[in-house]
Amino acid sequence: MKKLIIANWKMNPKSLEEARSLITRTEHRMNQVADKVQVVVAAPFIYLPPLSHYCHMVKLGAQNMSWLTEGAITGEISAQQLKLFNVSHVILGHSERRLYLGETDSVVNAKIMTALKYKLTPIVCLGGEEDAKQNNMPKIVSRQFGAVTTNLSQKQLEKIIFVYEPVWAISTMEKSVPASSEHAKVMVAYLRKLLAKKIGIARAANMPILYGGTVNRSNVSQFSKHPEISGALVGAASLDSENFWEIIKEFYRESIHRS
Ligand code: PEP
């Protein structure tokens, strides 16, 4: 299984010119790592159509989408519209959407169903809740996992990329505290056990489960050294092409080392 590195640009960068330069710097280097690493860039909606012309090895992702397929919903974007611009992935259930925009588990569940229907790969974040603390993460993750996967078949579950992303470890959160790589490893393994209960141990072992929360060039080796962690969701550090490239390279090196 290839390692997966997903950039979450949020409302950045400030111009299309910067967005284009950021993505092409990664795109031009992808042939050095593409046998072991897949990179996805989740860009703001308005940059997706122009960026689709520059992405060949890098895949494009959206940061959200509507759970409805069409109709009168002001300000929303549908899965079908994303597909028009070669978008292959979509981040769903990010902590910032849960905390600031009131996104609930049932909305995330409905969005997962819609994404799968239109063959978009859902990148589902677990770990965002107001009272989240290190010691109650298993409880939060298991509750969120159960709720967002309600009524999904085994086949559907296997198409999802799950991310353990404790909200308190996101770099831009007030009082952010980076998670230790031990904690990340234990929680990724915990999530894999939850998956195994639904799809069996062998299938769960083959599913990508990522870690997200202040991963950057200085700490990436702490996370990449654990084979349980299939890659990273990267926010702030993905806005600096050199920082982002070091993260990609480190997961690549680790992959080569283990093969
Ligand atoms: C995120 O919010 O998805 C994220 C990974 O952010 P950061 O890397 O900045 O903590």
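Among residues two or more places apart in sequence or in another chain, the ring-ring contact (aromatic ring centres under 6.0 Å, His included) test is passed with Trp168 by His183. In this view, Phe244 satisfies the ring-ring contact (aromatic ring centres under 6.0 Å, His included) rule with no residue, not counting sequence neighbours.
Other residues, nucleotides and ligands contribute more than 12 heavy atoms inside 6.0 Å of the NZ atom of Lys83. Counting non-hydrogen atoms of other residues, nucleotides and ligands closer than 6.0 Å to CD1 of Ile201 gives a total of 12 or fewer. Other residues, nucleotides and ligands place more than 12 heavy atoms under 6.0 Å from the CD atom of Gln154.
To the nearest 0.5 Å, atom CD1 of residue Ile23 and atom NE2 of residue His28 are 11.0 Å apart. One finds the CD1 atom of Ile256 at 5.5 Å from the CG atom of Asp35 (value rounded to the nearest 0.5 Å). Rounded to the nearest 0.5 angstrom, Ser255 OG and Lys36 NZ are separated by 5.5 Å. A distance of 5.5 Å separates CG in Asp131 from CG in Asn136, rounded to the nearest 0.5 Å. A distance of 10.5 Å separates CG in Leu48 from CG in Asn86, rounded to the nearest 0.5 Å. Here the CD1-CG distance, from Ile140 to Asn135, works out to 9.0 Å after rounding to the nearest 0.5 Å.
What you find for Pro166 and Tyr211 is that their closest heavy atoms are CD-CE1, 3.7 Å. For Gln63 against Ala42, the heavy-atom pair with the smallest separation is NE2-O, 3.1 Å. When all heavy atoms of Gly146 and Thr150 are compared, the pair lying nearest together is O-OG1, 3.1 Å. The minimum heavy-atom distance between Gly61 and Val40, with the atom names listed, is N-CG1, 4.0 Å. Residues Ile170 and Ser95 share a closest heavy-atom pair of CD1-OG, 3.9 Å. Between Ala79 and Leu120 the shortest heavy-atom distance is CB-CD1, 3.7 Å.
At least one side-chain heavy atom of Ile199 sits under 4.5 Å from a side-chain heavy atom of Met207. Residues Glu242 and Arg217 meet the side-chain proximity criterion, which asks for heavy atoms closer than 4.5 Å. Looking at heavy atoms from C-beta onward, Met30 lies out of side-chain contact with Cys55 at the 4.5 angstrom threshold. For the pair Leu194 and Lys198, the minimum side-chain heavy-atom distance is 4.5 Å or more. Side chains of Asp105 and Asn109 form no contact here, defined as non-hydrogen atoms less than 4.5 Å apart. In this structure, Ile123 and Asn8 have side chains that are not in contact, with every pair of non-hydrogen atoms separated by 4.5 Å or more. By the 4.5 Å heavy-atom criterion applied to side chains, Val186 and Glu228 are not counted as neighbours. Thr26 places a side-chain heavy atom less than 4.5 Å from the side chain of Val39.
Leu22 and Val87 fall within the same hydrophobic cluster, defined by Ile, Leu, Val, Met, Phe, Trp and Tyr side-chain heavy atoms under 4.5 Å apart, directly or through other members. Hydrophobic clustering places Val124 together with Leu191 (ILVMFWY residues linked when any side-chain heavy atoms are closer than 4.5 Å, directly or through intermediates). Transitive grouping of hydrophobic side chains (ILVMFWY, heavy atoms separated by less than 4.5 Å) brings Tyr252 and Ile247 into a common cluster. By the rule that hydrophobic residues join a cluster once side-chain heavy atoms approach within less than 4.5 Å of another member, Tyr54 and Trp9 end up as members of one cluster. Both Leu60 and Leu16 belong to a single network of hydrophobic side chains, linked directly or stepwise wherever heavy atoms of I, L, V, M, F, W or Y lie under 4.5 Å apart.
Listed for the Asn206 side chain is no donor-acceptor partner under 3.5 Å among the backbone atoms of Arg203. Distance alone, capped at 3.5 Å, places no donor-acceptor pair between the Ser230 side chain and the Pro208 backbone. The backbone N or O of Met57 sits less than 3.5 Å from a side-chain atom of Glu27, completing a donor-acceptor pair. Of the possible polar contacts, one joining the Thr114 side chain to the Trp67 backbone as a donor-acceptor pair under 3.5 Å is found. One N or O on the side chain of Gln144 and one on the backbone of Gly128 form a donor-acceptor pair closer than 3.5 Å. A donor-acceptor contact shorter than 3.5 Å links the side chain of Thr104 to the backbone of Val107. Remark: side-chain polar atoms of Ser78 are not paired, donor with acceptor, to backbone N or O of Glu70 under 3.5 angstrom. Using modelled atom types, one side-chain atom of Arg258 and one backbone atom of Lys225 make a donor-acceptor pair closer than 3.5 Å.
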Task: Audit row: Lys111, Val90, side chain to side chain contact (heavy atoms under 4.5 Å, CB included) steps and yes/no - done: CA-CA 10 Å; Lys111 289 183 177 184; Val90 58; over 6 Å; no

Open item on the list: side chain to side chain contact (heavy atoms under 4.5 Å, CB included), that's the test. Do Val220 and Val234 meet it? Break it down for me.
Closed with: CA-CA 10 Å; Val220 58; Val234 185; over 6 Å; no

TODO: Dump the intermediate steps for side chain to side chain contact (heavy atoms under 4.5 Å, CB included) on Lys249 and Val37, then the final yes or no.
DONE: CA-CA 9 Å; Lys249 266 200 322 200; Val37 182; over 6 Å; no

TODO: Dump the intermediate steps for side chain to side chain contact (heavy atoms under 4.5 Å, CB included) on Trp245 and Gln32, then the final yes or no.
DONE: CA-CA 11 Å; Trp245 179 239; Gln32 297 175 43; 3.6 Å; yes

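Checked for salt-bridge contact, Lys10 and Glu96 meet the test: a charged N lies under 4.0 Å from a carboxylate O. Under a 4.0 Å N-O distance rule, the pair Glu254/Lys3 does not qualify as a salt bridge. By the 4.0 Å N-to-carboxylate-O rule, Glu158 lies too far from Lys155 to be salt-bridged with it.
Outside the 6.0 Å centre-distance limit, the rings of Tyr164 and Tyr190 are not counted as a close aromatic pair.
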